[in-house]
Amino acid sequence: MKAYKLSIKDDPDQGEVIVFAQTAREAKNNWTQYLDADSFLNKLVHRAPEFDGMEDASDMELMTKQWLEGWRWYDCYDVPDVEEDTIEDFQAWFRKEYENE
């Protein structure tokens, strides 16, 4: 399945999410649970081929790929540095942050 990066044109503070769909229209129509957009026109959808085929990936696998692609989580201040740390470091951080909730 194709991967799409979703964001809100007038509200970049909401960040971006990856969703999986067959078409951009499908991705744009089926994302209400991810971000809050005031109108259909504020929804931005861009292809993210680097995530294609990851629809069955675990949250940790998807976030690891995002981390390797340079994504940042601004509500988390202790995310390992992609230039200095290893995938194992990131995944240990992920387990500490997200699996203990």
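Values below: all heavy atoms of this structure, side chains included; hydrogens, waters and symmetry mates excluded.
- Under a 3.5 Å cut-off, the side chain of Y4 and the backbone N or O of V19 do not form any donor-acceptor pair.
- Residue A27 comes nearest to V45 through the heavy atom pair CB-CG1, 4.2 Å, listed as atom of the first residue, atom of the second, then distance.
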Q.
Working note: M60 + Y98, criterion side-chain contact (heavy atoms from CB on, under 4.5 Å); need CA distance, chi angles, decisive distance, verdict.
A. CA-CA 9 Å; M60 182 168 67; Y98 293 99; over 6 Å; no
Q | Check against side-chain contact (heavy atoms from CB on, under 4.5 Å), D59 and F94 | A | CA-CA 9 Å; D59 288 342; F94 176 90; 3.9 Å; yes
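- You'll find the side chain of D89 stays beyond 4.5 Å of the side chain of E84, heavy atoms only.
- Looking at R72 and V82, their side chains come closer than 4.5 Å, going by heavy atoms from C-beta outward.
- Atom CG of L68 is separated from atom CD of E50 by 11.5 Å, given to the nearest 0.5 angstrom.
- Nearest heavy atom pair, residue W93 against residue D78, reads NE1-OD1, 2.9 Å.
- Counting heavy atoms from C-beta outward, Q22 and M1 have side chains that approach closer than 4.5 Å.
- Side-chain contact between F20 and D52: absent, with no pair of heavy atoms (C-beta onward) separated by less than 4.5 Å.
- Under the 3.5 Å distance criterion, the side-chain polar atoms of K43 are matched with a main-chain donor or acceptor of K28.
- Here the shortest heavy-atom pairing between I18 and A48 reads CD1-CB, 4.0 Å.
- Between E61 atom CD and Q91 atom CD the span is 8.0 Å, to the nearest 0.5 Å.
- Within a 6.0 Å sphere centred on CD1 of I87, other residues, nucleotides and ligands contribute 12 heavy atoms or fewer.
- The aromatic rings of W71 and F51 sit perpendicular to each other, their planes meeting at more than 60°, with 30° as the lower class boundary.
- Rounding to the nearest 0.5 Å gives a distance of 7.5 Å between CG of L44 and CD1 of I8.
- When all heavy atoms are compared, the tightest approach of A3 to R47 is O-NH1, 2.8 Å.
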